Amino acid sequence: MAATSSPRVRFAPAPSGWLHVGSVRTALFNWLHARRHGGTFIFRIEDTDAERATEESMNSMLEAWTWLGLDWDEGVRIGGPYGPYRQSERGDLHRAVARRLEEAGHLYRDDRTAEETQAWRDERREAGLPPITKRSTTPAATGDRPATLRLALPEEGTITVTDLVRGEVTWDWAHESDPVLVRSDGSPTYPLANTTDDVAQGVTLVCRGEDLLSVTPRQIFLYDLLTRDGLIDDALEECGLPPRDPSWTHPTEFAHLSMIVGMDRKKLSKRHGSVAIQEFERQGFLPETLINYISLLGWAPGDGRERMDRDEIVEAFAFDNVGKAAAAFDVDKLTAFNGERIRDLSEAELAVRLLPFLDGTFGDALVTSPPSHEQQSRLEGLVPLVQERMQRLDEVQTYAPAFFVDDIELDPTSVEKVLHKAGAADALEAAHRALSALEDWSDAGVEQTLRGLLEELEMGARKVFQPVRVAVSGSSVSPPLFESVALLPRQLVLDRIEAAIQVAREGAV
RNA sequence: GCCCCCAUCGUCCAGCGGCCUAGGAUUCCACCCUUUCAAGGUGGCGACACGGGUUCGAAUCCCGUUGGGGGUGCCA
């Protein structure tokens, strides 16, 4: 059937905390697979744990995903034909499914409290026995206290899953503990909700983190129960939810992605610097850099390409070339990629991207929001001067003050190293005189004038240009000198040189 | 403890039995360019975890060891 050839995949995060790089990698690979094969990418929110799920977290995840320039075809906010897409709004369905499963004899009641179960597990472990809960060894519920509903998994035999990245993996049912599907308070758990929704929404391929690999056997077992005898369809109808497409079965393909770790091979965490996507935005990483870099964590197109845009990645993506080993997140390489991408931007585009780092959105406000005409043209003049010396957009903040603030502070080290050296005051006085008289206030004009000083003073370029650089930019490290001078108003440049002459004289005494 | 997964330069990947004296990227170092810092160019350092097999031949296949990771929840 034609309908089944079009994949349906989902990204289904639990909304607690921020979206971080590990989740983005999982979501991205799902998205890539959908786009590569003309499929559907579903953004579902799994907020069954009322204790941890927050609205704020959900919103920030959606924002981060959007910032990355990615979209979704069905899901929260935009809806779709198989909603709702927030699990908390599908509780009726999950309960209806549980009731039918129980009626069919697949579930059993376990009325031990969480504490009792935990104590039992500890005992088993101490005795060197596996703490596996099975129907045959669980004491019958008495009926007079709240009980959980557990799914009765097979007691023996094996199950083999063919994973797209891991190959064949086999488990022994005897080692699989019966999962709780319904808590003693009647609320559905992840194993129930996740599985039910995958089936109800026609998911064809499940791509997620390796941490969920061990959960796959019970999930497949459940998929089977749900689709057998139209159980899911009856439950859907009972709850007044949209029916499934008749061609759907249940997820048949799995892809478990390895973890992303820090450079120390430990689980990625705050200790490794940024993990939240918004943090990268704030630091001046381009969304396209993140997409490119993250796509290369555990995957490569196979032809040696590394710098790729989104469409190129979509075209080359395949689970066949996804690696099994955990990948370390290398900020240095990400940063190098980012620098290259910044250089690839047009000057106009870079100016737009730089604005949030100048208007106070991120960091100090050096320009008004929106910028004045004067500020805008100054920015446009600044862009070509800084473009090739930035790895991250936020670095513009080290260069920008000299161009947007009248009073600059002179860097003490630069003063010491440059202004307090013999000849500095002479060079500055000569520069002041020459620039005062300059008629053509342009890159070429300034260059010609300042170069002319070299012969006149019989001094080396370094001896002449460095003092002027410190005077005008405030530091011995700055964008190109002539262009910087030409970009500023003459009077401002002359004032700065004059101020620097005072400093140079003081140091010489 | 038990179950499962993983293992090529510091890091990310290529390699899928002979093309490998192991290739690219990144990092680091050197040199060139240069008025600073960059960018750019050139070159260099740097890895098949270990031990057994299989084979004419192994980074590639099998077994074991070691080392990492995940799971073992009324979290997801």
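Computed from a predicted model, the values in this text were never measured in an experiment. Lettering follows sequence order; numbering is per chain, from 1.
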What interatomic distance, in whole Å, is found between C1' of B:rC45 and the corresponding atom of B:rC2?
45 Å

Distance between C1' atoms of B:rC19 and B:rA59 (Å, rounded):
15 Å

Applying salt bridge (charged side-chain N to carboxylate O under 4.0 Å, His left out), can you list everything that pairs with A:E388, at least two apart in sequence or on another chain?
none

Report which part of the nucleic acid A:A114 touches: base, sugar-phosphate, or nothing (heavy-atom distance under 4.0 Å, all strands).
base

A:T170 near the nucleic acid: base, sugar-phosphate alone, or nothing, with a heavy-atom cut-off under 4.0 Å?
sugar-phosphate

Could you check which residues of residues 446-465 of chain A get a heavy atom under 4.0 Å from RNA chain B? Sort them by number, please.
A:R451, A:A461, A:R462, A:F465

When A:L334 and A:D211 are each assigned the nearest nucleotide of RNA chain B, the 5'-most assignment goes to A:L334

Treating primed atoms plus P, OP1 and OP2 as sugar-phosphate and everything else as base, which nucleotides of nucleotides 58-64 of chain B get B, S or - for protein heavy atoms under 4.0 Å?
-------

Under the rule for side chain to side chain donor-acceptor pair (under 3.5 Å), what residues qualify as partners of A:Q397, not counting sequence neighbours?
none

Nearest-nucleotide comparison on RNA chain B, the residue closer to the 5′ end among A:S476 and A:P146
A:S476

At under 4.0 Å between heavy atoms, what does A:E340 touch on the DNA or RNA strands: base, sugar-phosphate, or nothing?
sugar-phosphate

Using a heavy-atom cut-off of 4.0 Å across all strands, would you classify A:R125 as base, sugar-phosphate, or nothing?
base

Return the nearest nucleotide to the side chain of A:M263; candidates are B:rA76, B:rG10, B:rU36.
B:rG10

For atom P, what is the distance between B:rC9 and B:rU54, given to the nearest Å?
28 Å

Using a cut-off of under 3.5 Å, enumerate the N/O to N/O pairs linking the protein to nucleotides 12-15 of chain B.
from	atom 1	to	atom 2	distance (Å)
B:rC12	OP1	A:R265	NH2	2.2
B:rC12	OP1	A:A328	N	2.9
B:rC12	O2'	A:L296	O	2.9
B:rC12	O2	A:K333	NZ	3.1
B:rC13	OP1	A:G298	N	2.3

Distance check, P atoms only: B:rA14 and B:rU35, in whole angstrom units.
44 Å

Strictly by side chain to side chain donor-acceptor pair (under 3.5 Å), give each pair with a member in residues 475-486 of chain A just once, sequence neighbours left out.
A:S414-A:S476, A:R469-A:S478

Does the ring centre of A:H33 sit less than 6.0 Å away from the ring centre of A:F317?
no

Whole-Å distance, A:D332 CG to B:rC29 P, equals 12 Å

Looking across every strand, which nucleic acid part, if any, lies under 4.0 Å from A:S177 by heavy atom: base, sugar-phosphate, or nothing?
nothing

Pairing partner of B:rG43, by Watson-Crick or G-U wobble and under 3.5 Å for both distances, is B:rC29

